[in-house]
K.L.:
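Structure provided below as structure tokens; questions to follow.
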Amino acid sequence: APLGSLITDVVVSEKDAGRFLFLADSGAGGGTPGLVVYDRKEGRAWRALDDMSSVRAGAHRAHVDGEALLPPHAAATHGVSALALRAKTHPPTLQEQFGSVSEELVFGVPAGTEWWSLDTKLLVDESRARAAASGSERPIGRKAVGSGVAVGRGGEVYMADVEHSSLLRLAEGSMGIDEISTLAVDETLLRYPSGMVLVDDALFVAAPATMHVMRAGGVVSDAGPFAIVRVDVLAQWEPDMDEASGDGDDEDRDV
């Protein structure tokens with residue numbers, strides 16, 4: 001990464017025995033935001049989507065409890081910062097080009113308003129990454145302010161909503177745009193959610209509020225302890241036997 005880069009997230013491809021790493025360069029050090037691809041086998045790296053609208057800092061000014069999360073000069077420098085991988089099943093018309101199932105990189109900007117996706121096949125070849133990747137990314141749905149993201153086994157995307165202290169879920173919807181819904185979580189525990197990881201259908205979310213604490217002039221070490229919240233996501237969306245047979249109601253199940 002060049003001078004001015006700030007690497008904020010990394011994911012390892014599940015293809016080719018984890019040969020490729022994808023890194024988010026937010027450019028918050030005064031550099032150019034974009035994606036970095038690292039080939040572990042060859043020991044080489046290249047960039048993609050440099051300064052494209054999908055990776056640049058969002059114009060939205062995030063607020064928590066009525067206060068700006070970051071001052072204007074800082075918010076304007078935070079480009080792409082959240083990455084996740086998910087499997088994408090292609091319709092028959094695209095299987096000749098991409099195969100039946102491909103790997104998709106999901107990415108977003110902390111203060112951006114959309115999640116984007118890009119087939120990793122366009123990233124792992126250096127010449128294609130520079131030429132074909134730009135403009136090939138597609139929006140998949142609305143994004144909340146925050147950097148926490150995880151992908152479920154069905155391809156659904158979970159995200160942290162810092163402004164409203166909540167967790168949201170994107171699932172495959174019509175016209176290729178994912179549809180958004182809110183997880184049932186105790187908001188008294190989930191204050192300013194940040195990083196998250198999905199383990200065996202349980203979502204573990206850290207809620208440290210460090211950015212907001214620093215913005216308010218406080219000392220991070222004095223603001224704890226911070227919560228780690230466990231959410232059983234499968235219990236909220238998996239249909240029970242009655243619903244599967246059409247005999248039940250359509251309400252979400254409890255946490």
K.L.:
Check for me, please, whether F204 and Y158 land in the same ILVMFWY cluster - side-chain distances under 4.5 Å, paths through other members count.
P.N.:
no
K.L.:
Please determine if D16 and K41 form a salt bridge, counting it only when a charged side-chain N lies under 4.0 Å from a carboxylate O.
P.N.:
no
K.L.:
Is V197 reachable from V229 through a run of I, L, V, M, F, W or Y residues, each pair having side-chain heavy atoms under 4.5 Å apart?
P.N.:
no
K.L.:
Distance only, no hydrogens: is a donor on one side chain within 3.5 Å (strictly under) of an acceptor on the other, for S5 and D25?
P.N.:
yes
K.L.:
Please lay out, stage by stage, how F20 and L123 fare under the test side chain to side chain contact (heavy atoms under 4.5 Å, CB included).
P.N.:
CA-CA 9 Å; F20 294 99; L123 294 171; over 6 Å; no
K.L.:
Going from CE on M196 to OG on S147, what distance comes out if it is rounded to the nearest 0.5 angstrom?
P.N.:
10.0 Å
K.L.:
Can you tell me how far apart CG (D200) and CZ (R153) are? Round to the nearest 0.5 Å.
P.N.:
9.0 Å
K.L.:
Between D9 (side chain) and L83 (backbone), is there a donor-acceptor pair under 3.5 Å?
P.N.:
yes
K.L.:
Tell me whether L6 is reachable from M52 by hopping between hydrophobic residues (I, L, V, M, F, W, Y) whose side-chain heavy atoms are closer than 4.5 Å.
P.N.:
no
K.L.:
To the nearest 0.5 angstrom, please state how far the CG atom of L183 sits from the CE atom of M159.
P.N.:
10.0 Å
K.L.:
Any non-hydrogen side-chain atom of F107 less than 4.5 Å from a side-chain atom of L49?
P.N.:
yes
K.L.:
Just how far is it from atom NE2 of H164 to atom OG1 of T182, taken to the nearest 0.5 Å?
P.N.:
10.0 Å
K.L.:
Hydrophobic clusters here meaning ILVMFWY residues chained together by side-chain heavy-atom distances under 4.5 Å, can you tell me if Y38 and V10 are in one?
P.N.:
yes
K.L.:
Drop me the distance from S81's OG to I7's CD1, to the nearest 0.5 angstrom.
P.N.:
10.0 Å
